[in-house]
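What follows is a set of notes on a single structure, which appears directly below.
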Amino acid sequence: MYTKLNAVLETVDAILVTSPHNMRYFSGFSGGEGAVWISKDKRIVYTDSRYTESAQSEASDFQIIETNNWMKEVGEAAKCNAEKLAFEDRYVSAAECEQLKKSIGKTMLAAGSEQLEKLRMVKTEDELKKLRQAEKISCRAFEYILGVIKPGMREIELAAELEYYMKKNGGEGISFDTIAISGARTSLPHGTPTDKKIEKGDFVTMDFGCTFEGYCADMTRTIVVGKASDEQKKIYNTVKAAQQTGLDFIRAKVTGREADASARAVIEKSGCGEYFRHSLGHGIGILVHELPNLSPKSEIVLEENMVVSCEPGVYIPGVGGVRIEDMVCVKVGGNENFTDATKELIEL
Ligand SMILES: [Mn+2]
């Protein structure tokens, strides 16, 4: 992936990568501690003795320098080799930035986070395989959990069951803290699971995903425990129709804003517009939230092999909410949906 940085190296002499996810993406090194230096003629992983061996095998195209003070080493390299050094301005703390400035002397720093993030938007076939697999394991976890959910079960148990299943079935970790909420609490778009017991008649919303070889899954389903009321059916069907409209719209050459608007129009028409207050979706890769955003402000034009979520929701305070989320790969003229779990209203 470091070859993707050639475009950035037209504008700066070297790039300093320090966030764990970008170190892994651009060099292969997954230890997360240290720094990666990439210039036209040098590729270096700086890390300490705990990671030397894994760095050597994971970042085989890179020189590995074992050090307890990478900041000092980078400073020396910058002084000799770089007038202008791009760094991850969104991940370096103010204190580290001060230290870095002292260490590199007259070398100028250039903000690089946004450029680096944009390089990750279009996925390779290998990345798509990993994302597909992560989502597949997560979909199987959803099917498993349908046989487990019962009135009296606590939200936190439900979250634990989902995570346990995913790790037992090929997931290496979780993409983010599992959301499993029930009843009126489903009006909280990002509510965290509590010891509230699931009751008959509750909506249950589960937003979750595992990681597979460093790549994140992300999906959401809402079900009803017991018979759905007419109001619950109405909310569910509105969100389902909006989600389908978004899925039918997402393709190469449309903007994130247009994709968002397509699904939002369906919810607005139903009279629930004020209850859909987040954006339609986001990019997914080594981070569960990355570019491009599908939001009213996003002018990014979608390209083939970007991977995005499509996740409209309606959340009515005091009543409850529904979100349905799939993860799709943008194609010319349409998209490939990685999420194969049913969206029929499930009444358990
Ligand atoms: Mn999501």
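Atoms within a ligand are numbered from 1 in the order they appear, just like the ligands themselves.
Using bins of under 30°, 30° to 60° and over 60° for the plane-to-plane angle, the ring pair His278/Tyr315 lands in the tilted bin.
Metal site remark for the Mn ion (ligand 1): His282 contributes an N, O or S atom at a distance under 2.8 Å. Distance check for Glu325 against the Mn ion (ligand 1): an N/O/S atom falls below 2.8 Å.
Side-chain contact between Thr3 and Leu5 is absent, with no heavy-atom pair separated by less than 4.5 Å.
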Checking ring-ring contact (aromatic ring centres under 6.0 Å, His included) for the pair Phe203/Tyr236: CA distance, chi angles, key distance, verdict?
CA-CA 10 Å; Phe203 266 141; Tyr236 191 89; 7.3 Å; no
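Between Arg132 and Glu336 there is a salt bridge, with a side-chain nitrogen of the basic residue lying less than 4.0 Å from a carboxylate oxygen of the acidic one.
With the Mn ion (ligand 1) as the vertex, atom OE2 of Glu311 and atom OD2 of Asp218 span an angle of 150° (nearest 10 degrees).
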